[in-house]
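Okay, so here's the structure we're looking at.
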Amino acid sequence: MKRVVVTGLGAITPIGNSVEEFWNGIKEQKVGIGPITKFDTEGYKVHIAAEVKGFAAKEYMDVKASRRMELFSQYVVAATKEALADAGIDMEKEDPFRVGVSVGSGIGSLQAMEREHEKLLTKGPNRVNPLLVPLMICNMAAGNVGIQFGLRGKNINVVTACATGTHSIGEAFRSIQHGEADVMVAGGTESSITPIGVAGFAALTALTEQEDVSRASIPFDKERSGFVMGEGAGVVVLESLEHAKARGAKIYAELVGYGATCDAYHITSPIEDGSGAARAMTEAIKDAGISPDEVDYVNAHGTSTHHNDLFETKAIKLALGDHAYDVKVNSTKSMIGHLLGAAGGVEFITCVKSIEEGYIHPTVGYQVPDEECDLDYVTNGPVQMDVRYAISNSLGFGGHNASLLVKKYED
């Protein structure tokens, strides 16, 4: 099978609307959480979120085209534009049928649904926007990326809730390995900080009601009380090694392993022994042909909910054995909240940048140790170290587990 490398990165996040801004924010330990500004939260249990700031679609795409996209599609088109430019992909020199897209959104546009449902109730069915359906449905993230950049190859939309971004990258990886594409744009996008989105997750008791933004998203901390909803997009360009070499591309890292499983246990809670997520990690390790002892770093799903962090800790121990205590584990969600379907894309970028710079960020805000979460969560500031192998984990409602194993590139 073909080797697959990472050649381009693009991000829209609560701490920066480019990879450079995002990564600088990570190194500054910037927390992108604050009061919700998108709607009036009076009467809601939750008043904070990790919103994208200062995003203007016209800076990334034609204004007319942007009007036919909801925010989740705008975010991913913007991130893709950055990733393709970063990779130096010139579509004039590519066979467009060999350049594909694997981009997902966990939810699609709640904004469109809310807006048009209000019209339905107040003005009747004949006043509903004719474009409601293509604006709302989550596959339009992938569709719009293909349309905007002329990518005519395999175009798929994986929807696995909070594991969407990771599964999307994994399926793009497989597509290149098996010769279905030379290049794949892959990742996730989300924008669900809306009245029904926040109300729904709050009713589920998944969101923290903490008002102190420095103590709101605190993965693995004993006082964790739920996740903070975030938004944004994370996109990477994957290529076969031979294609990247032939055009002289800069190579950030090599993607060498992908594992995907299901807990088959509960619609929201991970299985209590961590066996499902552990198996996803061991499958990624097996796929890469390495030993668990070679893993240096795990970017955990780390949502800051009681169940996730406890059961993911158990999963890491199951997958890595005693070596789990020697591995650096952190959660990027401590700074950017939970980007739902976009989380895996942005966190994969974090792994790639960690490998590139030998920098592992701390789990920001962590203060109170939990005796049941006893791994090294990088709680005393950043760590500078050589990172050869990194795992990115994502777990989604429905029991979906996905792990990606990325390696420092060696010719």
Side-chain angles (χ1 to χ4, degrees), residues 13-16 21-34 50 208 210 212-228 230 274 277 281 292-317 319-339 343 346-393 406 408:
T13 78
I15 58 172
E21 286 182 7
F22 163 69
W23 189 242
N24 286 340
I26 289 290
K27 292 194 287 188
E28 293 165 8
Q29 299 175 41
K30 184 176 179 181
V31 175
I33 300 166
T208 181
Q210 172 67 254
D212 180 353
V213 298
S214 68
R215 294 291 292 160
S217 185
I218 48 171
F220 306 106
D221 189 297
K222 192 167 186 173
E223 295 181 357
R224 66 192 183 275
S225 57
F227 73 79
V228 174
M281 283 184 267
D293 292 349
E294 293 181 77
V295 176
D296 300 303
Y297 162 47
V298 175
N299 187 292
H301 190 56
T303 61
S304 190
T305 64
H306 175 270
H307 281 11
N308 176 92
D309 297 1
L310 173 60
F311 303 153
E312 189 177 9
T313 294
K314 291 181 179 181
I316 293 168
K317 292 177 187 178
L320 303 183
D322 290 341
H323 181 60
Y325 291 95
D326 299 321
V327 169
K328 301 299 179 188
V329 180
N330 67 8
S331 173
T332 306
K333 293 180 180 71
S334 63
M335 287 177 268
I336 63 172
H338 191 350
L339 273 58
V346 174
E347 290 159 13
F348 182 79
I349 289 170
T350 302
C351 288
V352 170
K353 294 295 289 183
S354 295
I355 288 171
E356 181 186 34
E357 296 193 10
Y359 176 94
I360 298 176
H361 73 72
T363 300
V364 174
Y366 180 100
Q367 292 179 10
V368 184
D370 182 339
E371 57 274 9
E372 292 186 289
C373 295
D374 58 350
L375 299 178
D376 182 353
Y377 304 111
V378 194
T379 58
N380 295 313
V383 173
Q384 295 280 353
M385 61 175 275
D386 184 53
V387 180
R388 189 157 180 250
Y389 289 103
I391 289 177
S392 182
N393 284 338
V406 60
K408 180 176 283 190

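Residues: numbered from 1 along the sequence shown.
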(Q) Once rounded to the nearest 0.5 Å, what's the spacing between atom NZ of K333 and atom OG1 of T350? (A) 9.5 Å
Q. Is there side-chain contact between F22 and K353, with at least one heavy-atom pair below 4.5 Å?
A. no
Q.
Once side chain to side chain contact (heavy atoms under 4.5 Å, CB included) is applied, do any residues pair with A390, and if so which ones, sequence neighbours excluded?
A. Y297, C351, I355, V387, V406
Q. What is the minimum heavy-atom distance between T208 and V228, and which atoms define it?
A. CG2-CG2, 3.7 Å
Q | Shortest non-hydrogen contact between H323 and E294, atoms and distance | A | NE2-N, 4.4 Å
Q.
Just so I know, are the side chains of Q29 and P382 near enough to count as touching, which here means a heavy-atom distance under 4.5 Å?
A. yes
Q.
I'd like to check the salt bridge (charged side-chain N to carboxylate O under 4.0 Å, His left out) partners of K328; sequence neighbours left out, ordered by chain and number.
A. D376
Can I get a per-line list of side-chain donor-acceptor pairs under 3.5 Å for residues 362-369, giving both atom names and the distance, sequence neighbours left out?
unit_1 : atom_1 : unit_2 : atom_2 : d
T363   : OG1    : S331   : N      : 3.3
T363   : OG1    : Y377   : O      : 2.8

**Q.** I33 vs S217 side-chain heavy atoms within contact, under 4.5 Å
**A.** yes
Q) With a 4.5 Å limit on heavy-atom distance, are the side chains of N330 and I360 in contact? A) yes
Q | Nearest heavy atoms of A315 and A277, plus distance in Å | A | CB-CB, 3.7 Å
Q | CG-CE distance between D296 and M385, expressed to the nearest 0.5 angstrom | A | 4.5 Å
**Q.** Residues in side chain to side chain donor-acceptor pair (under 3.5 Å) contact with K30, at least two apart in sequence or another chain
**A.** none
Q: Using the test side chain to side chain donor-acceptor pair (under 3.5 Å), find all partners of Q384 that sit at least two apart in sequence or belong to another chain.
A: none
Q: Output the distance between atom OG1 (T13) and atom CD1 (I26), rounded to the nearest 0.5 Å.
A: 7.5 Å
(Q) Going by the rule side chain to side chain donor-acceptor pair (under 3.5 Å), which residues pair with S392 if we only count those two or more places apart in sequence or in a different chain? (A) none
**Q.** Shortest non-hydrogen contact between I336 and L339, atoms and distance
**A.** O-CD1, 3.3 Å
Q) Is there a side-chain contact between D386 and K408, using heavy atoms and a 4.5 Å cut-off? A) yes
Q) Does any N or O in the side chain of N393 come within less than 3.5 Å of the main-chain N or O of A300, such that one atom is a donor and the other an acceptor? A) no
Q) Under the salt bridge (charged side-chain N to carboxylate O under 4.0 Å, His left out) test, which residues partner E223, sequence neighbours left out? A) R215
**Q.** Those residues that, when tested against E372, pass side chain to side chain contact (heavy atoms under 4.5 Å, CB included) (two or more places apart)
**A.** L310, D370
**Q.** Partners passing side chain to side chain contact (heavy atoms under 4.5 Å, CB included) against E21 (at least two apart in sequence or in another chain)
**A.** N17, S18
Q) Which distance, rounded to the nearest 0.5 Å, do you find between the CZ of F220 and the CG of L375? A) 8.0 Å
Q. Who passes salt bridge (charged side-chain N to carboxylate O under 4.0 Å, His left out) against D374, sequence neighbours left out?
A. K317
Q. So, do R224 and H306 sit near enough that their side-chain heavy atoms are less than 4.5 Å apart?
A. yes
Q) Would a distance-only check, ignoring hydrogens and angles, find a side-chain to backbone donor-acceptor pair under 3.5 Å from E312 to G302? A) yes
Q.
Under the criterion side-chain contact (heavy atoms from CB on, under 4.5 Å), I'd like the reasoning laid out for M281 against I316: C-alpha separation, chi angles, the key distance, then a yes or no.
A. CA-CA 8 Å; M281 283 184 267; I316 293 168; 3.9 Å; yes
(Q) Using the side chain to side chain contact (heavy atoms under 4.5 Å, CB included) criterion, which residues pair with T305? Sequence neighbours excluded. (A) F227, T303, N308
Q: Identify, with sequence neighbours excluded, every residue that meets salt bridge (charged side-chain N to carboxylate O under 4.0 Å, His left out) alongside D322.
A: none
